[in-house]
Amino acid sequence: MYNALEQNLQNHPATAKNNKNIAINFLFQIFNRNILKMSINPVDIYAPSDDDLQRLLLCEVHLGARKLVKTMEPYVFKRQDAGNYIIDLGWTWQKIQLAARMLAAVERPEDICVVASSEYAQRAAMKFSKYTNATSITSRFTPGCLTNQEQKRFIEPRVVIIADPQADHQAIRETSYVNIPVISLCNTDSPTRFVDCAIPCNNRSKNAIALLFWLLAREVLRMRSELSREEDFVLVDLFIYRDPDAVIEPEQTAEETAEEGEVEGWGQDDANWSAEATAANTWEGPENTWEATEDTAWTTEA
């Protein structure tokens with residue numbers, strides 16, 4: 001850099017003042033060029049890995065709705081023949097990084113509030129709050145939680161995370177009254193009014209919602225230096241919604257399987273024994289012929 005600076009100064013002989021101005025302008029050009037290169041080629045540590053991309057595809061994070069609002073058009077890649085819009089996963093990853101930076105900048109993790117009233121997002125919100133020490137509202141959002149100071153459940157968060165802008169519209173409206181920034185998972189048909197950071201994704205699939213909260217929690221912990229990038233995070237399965245009414249069959253051990261086999265064997269032996277006993281106790285004998293033979297005399301002498 002300095003050799004190029006000397007050559008530039010030698011090619012433009014002038015007074016000391018002009019040389020100083022030329023040097024300053026030349027340094028600014030080099031600085032701006034380096035900044036441009038950094039913006040085009042992002043740092044590798046913030047780039048998604050192959051496993052992250054596979055998770056995003058398997059959980060159908062890119063699958064949008066059939067409707068599209070004007071504010072979500074920049075995040076759409078194309079439209080399927082079936083009518084669903086495809087979300088650009090590049091924008092999804094960039095918005096996850098931006099949201100993680102916003103959350104990591106909060107000094108007290110308790111000042112982060114997660115609002116999730118939908119059924120599929122409640123478990124993911126609670127797990128996110130557990131690992132990041134945030135506050136979660138997974139039940140009904142009582143009107144006035146952010147504006148009415150006389151209410152028992154009144155809170156003053158620094159950032160609010162919304163799982164669904166349509167289901168949690170009351171919370172978004174109250175954040176606009178008290179100037180609280182909002183991070184929201186937005187589908188192609190989700191309203192983005194009063195939303196500061198919209199993460200384009202599929203917010204109707206339980207797997208997609210769980211994966212996004214999992215990625216967001218992992219990136220926040222990494223930016224807080226609480227989790228190294230070489231260290232593995234918890235499984236995504238912990239964030240996925242589970243049906244409480246579903247019947248889970250217990251896994252059988254090898255001993256139980258062997259016992260069942262013995263019981264089945266005894267049952268077969270009993271069945272064979274009963275079959276043999278039945279065959280032994282048959283009253284059927286050889287065929288009896290009731291016809292008289294030729295030597296048999298049917299008449300008696302008088």
Would Q122 and Y241 count as a side chain to side chain donor-acceptor pair (under 3.5 Å) if you check the C-alpha gap in whole Å, the side-chain angles of each, and the deciding distance to 0.1 Å? CA-CA 8 Å; Q122 291 177 357; Y241 166 79; over 6 Å; no
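- Closest approach of Q166 and S190 over heavy atoms only: NE2-CA, 4.2 Å.
- No side-chain heavy atom of T138 sits under 4.5 Å from any side-chain heavy atom of V115.
- Residue T135 holds its OG1 atom at 8.5 Å from CD1 of I112, rounded to the nearest 0.5 Å.
- A65 and N187 make their closest contact through N-OD1, 3.3 Å (heavy atoms, listed as atom of the first residue, atom of the second, distance).
- The ring of F213 has its center no closer than 6.0 angstrom to the ring center of F239.
- Using a distance-only test at 3.5 Å, with no hydrogens or angles considered, a donor-acceptor pair links the side chain of W214 to the main chain of V234.
- Side-chain contact between L56 and L215: present, with at least one pair of heavy atoms (C-beta onward) separated by less than 4.5 Å.
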Should S118 and D164 be marked as a side chain to side chain donor-acceptor pair (under 3.5 Å) after you check the CA-CA gap, both sets of side-chain angles, and the distance that decides it? CA-CA 8 Å; S118 61; D164 189 356; 5.6 Å; no
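- The two residues A163 and A116 come nearest to each other via the heavy atoms CB-CB, 3.9 Å.
- Residues R123 and L238 approach most closely at NE-O, 3.0 Å, considering heavy atoms.
- No continuous path of hydrophobic side-chain contacts links W91 to L57 [ILVMFWY only; heavy atoms under 4.5 Å].
- Distance check: K78 NZ to D88 CG gives 12.0 Å after rounding to the nearest 0.5 Å.
- When all heavy atoms of G144 and F154 are compared, the pair lying nearest together is O-CD1, 4.1 Å.
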Stepwise salt bridge (charged side-chain N to carboxylate O under 4.0 Å, His left out) check, K206 with E60: CA-CA 10 Å; K206 61 180 182 180; E60 297 181 351; over 6 Å; no
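- With respect to R204 and D189, a salt bridge is recorded, a charged nitrogen being found less than 4.0 Å from a carboxylate O.
- The environment of CD in Q151 is crowded: more than 12 heavy-atom neighbours from other residues, nucleotides or ligands sit within 6.0 Å.
- Proximity of a side-chain donor or acceptor of R158 to a complementary backbone N or O of L103 within less than 3.5 Å is not detected.
- Residues C197 and K95 are in side-chain contact: their nearest non-hydrogen atoms beyond the backbone lie under 4.5 Å apart.
- How far SG of C201 is from CG of L89: 10.5 Å, rounded to the nearest 0.5 Å.
- In plain terms, the two heavy atoms of C145 and E174 that are nearest each other are N-OE1, 3.5 Å.
- The closest side-chain heavy-atom distance from M72 to C186 is below 4.5 Å.
- Apart from I86 itself, the hydrophobic cluster it occupies contains L63, F77, where clustering links Ile, Leu, Val, Met, Phe, Trp and Tyr at side-chain heavy-atom distances under 4.5 Å.
- Around CD of E107, the count of heavy atoms belonging to other residues, nucleotides or ligands within 6.0 Å does not exceed 12.
- With contacts defined as side-chain heavy-atom distances shorter than 4.5 Å, the pair L68/E73 qualifies.
- The shortest distance between side-chain heavy atoms of V159 and I183 falls below 4.5 Å.
- Judged by distance alone, with hydrogens and angles left aside, the side-chain atoms of T71 form no donor-acceptor pair with the main-chain N or O of T192 at under 3.5 Å.
- Within the 4.5 Å cutoff, the side chain of V61 has heavy atoms near those of the L211 side chain.
- With respect to R218 and D52, a salt bridge is recorded, a charged nitrogen being found less than 4.0 Å from a carboxylate O.
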